[in-house]
Q: 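Quick one: the structure is below, questions incoming.
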There are 2 protein chains.
Amino acid sequence: MQNSKVAESIFSQHDHQHCIDQALAAAKELCRQRKSRLTPVRERVLELIWQSHLPLGAYQLLNQLSQEGFNSAPPTVYRALDFLLDHGLIHRIASLNAFIGCNCPQDQHHGYFLICRDCGSAQEIEAEEISSFLRQNASAAGFKVETETVELSGLCPQCQNRSQQDDQ
Amino acid sequence: MQNSKVAESIFSQHDHQHCIDQALAAAKELCRQRKSRLTPVRERVLELIWQSHLPLGAYQLLNQLSQEGFNSAPPTVYRALDFLLDHGLIHRIASLNAFIGCNCPQDQHHGYFLICRDCGSAQEIEAEEISSFLRQNASAAGFKVETETVELSGLCPQCQNRSQQDDQ
DNA sequence: TCCAAAACGCAATGTTATAACACAATTGTA
DNA sequence: TACAATTGTGTTATAACATTGCGTTTTGGA
């Protein structure tokens, strides 16, 4: 992930159509460069994932696909997800068994997530420092890290405010 | 987790019976203090989990239980696991859908794991610094962390050596 | 001894993910 | 263009993980 780029918080108001457009444009460009085929199912799955910042489960996606006339068997969506994962276009959130769009697929990286237990949205956060910190800790035990799963669950700023108001 | 106590590496040779004995003794003492009932199924599940440092899935445990004459329906093992989780006697590893014993259930804490993709064993590592580091990162985004999932997968020291030898 | 809470038995079902194999579309190459 | 190899998709079945609901039993305290 680029360190120069400070990710905009998804927890505040933002022009989400911009997120979608940017993600799809980046995906197309990436696949063009890599000579990979962003087929209709794959593109549509990516689009569906980007409809919100809520991680979506495979079967939620599958339902939507089938309503749109796509083939509705599990392998269809899992194959599309595998493709998108391989290309770094999405991340899998293990603690939710769900998938979320990645907004910087150009840079190979692990996803680090802040997941709000109230509104359900997941924000990917800056990675470099976390990664090097965790790897230092691991190497102290002689362990060579290959993949990292870091998922922090709690309350996002908006939901903290909301629950304070509810208390009054 | 106690900072004074440096966890012994499970990746090296060690007296595993000692791990088991200590874990069971700690569990009994904890349940006695809390007036919670460590029933036969619960104790046996804990014991089974501690047979190795490999995270075990619910259905692996269930198979073993049924071979020993326990009731073999899923709720049996999941209820036992819930009890053990509630008391901090085990941790759940989300990226594996599996469960592993905790060697310091006295201290409430999140589990941070080094998981070897080759031999499958999982080592819980020191937590305090990681936790505060991650929480700092999160609070920079105004996020209030409640639960943490940190699972690093890769190669343990022994398996690194083995794969080097294999290369020759 | 009686009651309420906790634990357990049991059947069914829900949710997530993969295997295996056949067929179709696409791409590179002669 | 023709052909072979690769890649992608359709389809059926099943594996793997987890929960719901309800009734019975056990347990510990009044």
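Reminder, nothing fancy here: chain letters follow the sequence lines and each chain counts from 1.
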Q: Using a 3.5 Å distance criterion without hydrogens, assess whether the side chain of A/Ser12 forms a donor-acceptor pair with backbone atoms of A/Ser9.
A: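 Confirmed, A/Ser12 side chain pairs with A/Ser9 backbone.
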Q: Rounding to an integer number of Å, can you tell me how far A/Leu81 CG sits from D/dT9 P?
A: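 That distance rounds to 12 Å.
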Q: Could you list the residues that satisfy side chain to side chain contact (heavy atoms under 4.5 Å, CB included) with B/Ala138, not counting sequence neighbours?
A: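 If we apply the side chain to side chain contact (heavy atoms under 4.5 Å, CB included) test to B/Ala138, skipping adjacent residues, the hits are A/Leu114, A/Leu152, B/Phe143, B/Val145.
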Q: Looking at residues at least two apart in the chain, or sitting in another chain, which of them share a side chain to side chain donor-acceptor pair (under 3.5 Å) with A/Gln33?
A: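 Listed in chain order: A/Glu29.
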Q: When you compare the protein's N or O atoms with those of nucleotides 16-21 of chain C, which come within less than 3.5 Å of each other, and at what distance?
A:
unit_1: C/dA17; atom_1: OP1; unit_2: A/Arg92; atom_2: NE; d: 3.4
unit_1: C/dA17; atom_1: OP1; unit_2: A/Arg92; atom_2: NH2; d: 2.1
unit_1: C/dA17; atom_1: OP2; unit_2: A/Tyr78; atom_2: OH; d: 3.0
unit_1: C/dA17; atom_1: O5'; unit_2: A/Tyr78; atom_2: OH; d: 3.3
unit_1: C/dA17; atom_1: N7; unit_2: A/Tyr59; atom_2: OH; d: 2.5
unit_1: C/dA17; atom_1: N6; unit_2: A/Tyr59; atom_2: OH; d: 3.3

Q: Please name all residues satisfying side chain to side chain donor-acceptor pair (under 3.5 Å) with A/Gln60, sequence neighbours left out, ordered by chain then number.
A: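 Per chain and number, A/Gln60 pairs via side chain to side chain donor-acceptor pair (under 3.5 Å) with no residue.
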Q: ring-ring contact (aromatic ring centres under 6.0 Å, His included) with B/Tyr59: which residues, sequence neighbours excluded?
A: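 Not a single residue meets the ring-ring contact (aromatic ring centres under 6.0 Å, His included) criterion with B/Tyr59.
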Q: Could you tell me how far apart B/Lys35 (NZ) and C/dA7 (P) are, to the nearest whole angstrom?
A: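 In whole Å, C/dA7 P lies 15 Å from B/Lys35 NZ.
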Q: Let me know the distance between CG of A/Leu62 and C1' of D/dT11, rounded to the nearest Å.
A: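 These atoms are roughly 13 Å apart.
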Q: Tell me the interatomic distance from A/Asn71, atom CG, to C/dC23, atom C1', rounded to whole angstroms.
A: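 Rounded to whole Å, this separation is 13 Å.
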Q: Can you tell me the distance, in whole Å, between the CG atom of B/Leu61 and the C1' atom of D/dA18?
A: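 So the CG-C1' distance, B/Leu61 to D/dA18, works out to 14 Å.
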Q: Which angle, to the nearest 10 degrees, lies between the helix axes at the two ends of the helix from C/dT1-D/dA30 to C/dA30-D/dT1, each defined by five pairs?
A: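 What I find for the helix from C/dT1-D/dA30 to C/dA30-D/dT1 is an axis angle of 30°.
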Q: What pairs with B/Gln158 under side chain to side chain donor-acceptor pair (under 3.5 Å), at least two apart in sequence or on another chain?
A: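 If we apply the side chain to side chain donor-acceptor pair (under 3.5 Å) test to B/Gln158, skipping adjacent residues, there are no hits.
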Q: Is the backbone of A/Ile10 close enough, under 3.5 Å, to the side chain of A/His16 for a donor and an acceptor to pair up by distance?
A: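 Checked: no pair found.
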Q: Under a plain distance cut-off of 3.5 Å, with no hydrogens placed, do B/Arg135 and B/Ser139 share a side-chain donor-acceptor pair?
A: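 No, no side-chain donor-acceptor contact under 3.5 Å.
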Q: Let me check something: do A/Leu54 and A/Val45 share a hydrophobic cluster, defined by ILVMFWY side-chain heavy atoms less than 4.5 Å apart, either directly or through other members?
A: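 No, separate clusters.
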Q: Which donor-acceptor pairs under 3.5 Å do the side chains of residues 73-84 of chain A make with protein atoms, sequence neighbours left out?
A:
unit_1: A/Thr76; atom_1: OG1; unit_2: A/Asn71; atom_2: ND2; d: 2.7
unit_1: A/Thr76; atom_1: OG1; unit_2: A/Ala73; atom_2: O; d: 3.3

Q: What parts of residues 38-47 of chain A reach DNA chain C, counting only heavy atoms under 4.0 Å away?
A: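 Those residues: none at all.
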Q: Using the side chain to side chain donor-acceptor pair (under 3.5 Å) criterion, which residues pair with A/Glu43? Sequence neighbours excluded.
A: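 A/Glu43 satisfies side chain to side chain donor-acceptor pair (under 3.5 Å) with A/Lys28 only.
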Q: Which pairs of donor and acceptor atoms, one on a side chain in residues 86-95 of chain A, lie under 3.5 Å apart (sequence neighbours left out)?
A:
unit_1: A/His87; atom_1: ND1; unit_2: A/Arg34; atom_2: NH1; d: 3.1
unit_1: A/His87; atom_1: NE2; unit_2: A/Ser36; atom_2: OG; d: 3.2
unit_1: A/His91; atom_1: NE2; unit_2: A/His109; atom_2: NE2; d: 3.2
unit_1: A/His91; atom_1: NE2; unit_2: A/Glu124; atom_2: OE2; d: 3.2
unit_1: A/Arg92; atom_1: NH2; unit_2: A/Asn97; atom_2: OD1; d: 3.0
unit_1: A/Ser95; atom_1: OG; unit_2: A/Glu151; atom_2: OE1; d: 2.5

Q: Just checking, any donor-acceptor pair under 3.5 angstrom between side chains of A/Gln17 and A/Asp21?
A: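 Present: a donor and an acceptor within the cut-off.
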Q: Distances for protein N/O vs nucleotides 23-28 of chain D N/O pairs under 3.5 angstrom?
A:
none

